[in-house]
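Below is one structure; the comments refer to it alone.
Note on naming: letters A, B, ... go to the chains in the order of the sequence lines (proteins, then strands), and numbering restarts at 1 for each one. Everything quoted here is computed from the prediction, not taken from an experiment.
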2 protein chains.
Amino acid sequence: MLSRKTKYGLKALSYLARCEEDAPVQISVISTAENISLKFLESILLTLRKAGFLGSKKGKGGGYYLLKEAKDISIAEVYRVLEGPIALVPCVSLNFYEKCDDCPDEDKCSVHGLMIQVRDSNLRILENTSLEDLINKI
Amino acid sequence: MLSRKTKYGLKALSYLARCEEDAPVQISVISTAENISLKFLESILLTLRKAGFLGSKKGKGGGYYLLKEAKDISIAEVYRVLEGPIALVPCVSLNFYEKCDDCPDEDKCSVHGLMIQVRDSNLRILENTSLEDLINKI
DNA sequence: AATTTATCCTATAGGATTAGTAGGATAAAC
DNA sequence: GTTTATCCTACTAATCCTATAGGATAAATT
């Protein structure tokens, strides 16, 4: 299951991508438009800024804006920043690998192969979907 | 991320599927073989029995055994029982549908379409993989 | 310079979920 | 009737999720 944090983050990014102008958008505007708690959204946007997706401006006329073009932001990147690993188990994660403490030998684990299949299929989708794709769907 | 409950459940089912004989297998045997806490495994097997995957026998010589052939148990079914929805968000779940409180209109949600794609791709894998496939991979 | 506006940032609270444990009840076999 | 093994409810500790509080900082306006 996707956390609200990730879902809200994706919706906020989509909102910004739909604002074609470069003018910064205030948190409160996004929060109202997308029905997201203002303070929660604030912390999410902060995370996205630190991760390099967003720029910000303080003071009057300030707000957040995309640093890259929507077509150059893959959902997989956003997912990893907000949600963490795309894989279902750490032992098949490419970016967050961890050994399972219950498995003496990964190759003999009956679940391992399936988990790789699921990971690859999800990767294929998330890496090949951009923010632009999200807002261009009908 | 997959919970330990589901992972342990799949490993336990795989263990039972590998025991070709019909003789019941004790929890403690599986627990030792798969490095799973005995009491935790006990509760998992109980769930799987109530869901119709396993039969059990009490007393000496008792234990758990598969009720169906391994090839007739799809991982999707097991997943739903132990983990819950396969979908990443409730609003695209086929078996656990719930409306999102932040979305006035699902069709206008920028994330919705992507979530359906992910769901379908995962469904395709999990429904077409049987317990037999799990133990037959090399 | 003072005020307003909006982000920055740390800390924290409350609830839900997860992972596991305790311990007696029940039933089958010997 | 003793042993064996599942059955079942309840409980706990730890972690994670969602959200909030409240002041610090910086930019623009007056």
Side-chain angles (χ1 to χ4, degrees), chain A residues 1-12 16 23-32 34-67 81-85 88-90 96 98 100-102, chain B residues 1-12 16 23-32 34-67 81-85 88-90 96 98 100-102:
Chain A
M1 282 275 139
L2 206 67
S3 66
R4 273 162 192 271
K5 185 166 143 189
T6 304
K7 190 187 174 199
Y8 291 166
L10 288 173
K11 287 178 100 173
L16 289 172
V25 180
Q26 295 163 35
I27 303 174
S28 61
V29 172
I30 307 176
S31 152
T32 305
E34 300 286 348
N35 290 305
I36 304 171
S37 145
L38 192 140
K39 291 297 266 183
F40 193 25
L41 181 59
E42 187 183 326
S43 74
I44 296 169
L45 295 180
L46 207 54
T47 304
L48 289 173
R49 183 183 63 79
K50 288 182 177 168
F53 295 107
L54 298 178
S56 65
K57 266 196 172 174
K58 289 181 176 180
K60 186 162 188 178
Y64 284 96
Y65 51 92
L66 290 180
L67 281 180
V81 165
L82 294 178
E83 190 77 18
L88 286 182
V89 284
F96 300 82
E98 261 181 78
C100 294
D101 41 4
D102 58 311
Chain B
M1 282 276 141
L2 205 67
S3 65
R4 272 161 194 271
K5 185 166 141 188
T6 304
K7 189 186 174 201
Y8 291 168
L10 288 174
K11 288 178 98 174
L16 289 172
V25 180
Q26 295 163 35
I27 303 174
S28 60
V29 172
I30 307 175
S31 152
T32 305
E34 300 286 348
N35 289 306
I36 305 170
S37 143
L38 192 140
K39 291 297 268 180
F40 192 25
L41 180 59
E42 186 184 327
S43 74
I44 296 169
L45 295 180
L46 207 54
T47 304
L48 290 173
R49 182 183 65 80
K50 287 182 178 168
F53 296 107
L54 298 177
S56 64
K57 264 196 173 175
K58 289 181 176 179
K60 187 164 189 182
Y64 284 96
Y65 50 92
L66 291 178
L67 280 180
V81 166
L82 294 178
E83 190 76 18
L88 286 182
V89 284
F96 300 84
E98 262 181 78
C100 295
D101 41 3
D102 57 311

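Distance CE (A:Met1) to P (C:dA16): 18 Å, rounded to an integer number of Å. The CD1 atom of B:Ile27 sits 14 Å away from the P atom of C:dT21 (whole-angstrom rounding). Computed from coordinates, the B:Asn35 CG to C:dA19 P distance equals 16 Å when rounded to whole Å. Atom CG of B:Leu82 and atom P of C:dT17 are 17 Å apart (whole Å).
Within the 4.5 Å cutoff, side-chain heavy atoms of B:Leu46 are placed close to those of B:Tyr64. At least one side-chain heavy atom of B:Leu82 sits less than 4.5 Å from a side-chain heavy atom of B:Leu48.
With a heavy-atom cut-off of 4.0 Å to chain A, the contacted part of DNA chain D has its first and last nucleotide at D:dT18 to D:dT29.
Sequence neighbours left out, the pairs with a member in residues 40-51 of chain B that pass side-chain hydrogen bond (donor to acceptor under 3.5 Å, both in side chains) are B:Lys39-B:Glu42.
Looking only at distances, no side-chain donor or acceptor of B:Ser56 sits under 3.5 Å from a matching main-chain atom of B:Gly63. A donor-acceptor pair is defined here as one N or O able to donate and one able to accept, closer than 3.5 Å; such a pair exists between the side chain of B:Glu83 and the backbone of B:Ser3.
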task = Quick one: do A:Leu66 and A:Leu54 satisfy side-chain contact (heavy atoms from CB on, under 4.5 Å)? Show the steps, please.
result = CA-CA 5 Å; A:Leu66 290 180; A:Leu54 298 178; 3.6 Å; yes
ask   = Taking it one step at a time, do A:Lys11 and B:Asp102 satisfy side-chain contact (heavy atoms from CB on, under 4.5 Å)?
value = CA-CA 10 Å; A:Lys11 287 178 100 173; B:Asp102 57 311; 2.8 Å; yes
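Among the heavy atoms of the strands, none lies under 4.0 Å from B:Lys7.
With values rounded to the nearest 0.5 angstrom, A:Leu16 atom CG is found 7.0 Å from A:Leu45 atom CG.
Applying a 4.0 Å cut-off to non-hydrogen atoms, the residues of residues 53-66 of chain B that approach DNA chain D are B:Ser56, B:Lys57, B:Lys58, B:Gly59, B:Lys60, B:Gly63, B:Tyr64, listed by residue number.
Nearer to the 5' terminus of DNA chain D, by closest-nucleotide assignment, is the contact made by A:Glu83 (compared with the other of A:Lys39 and A:Glu83).
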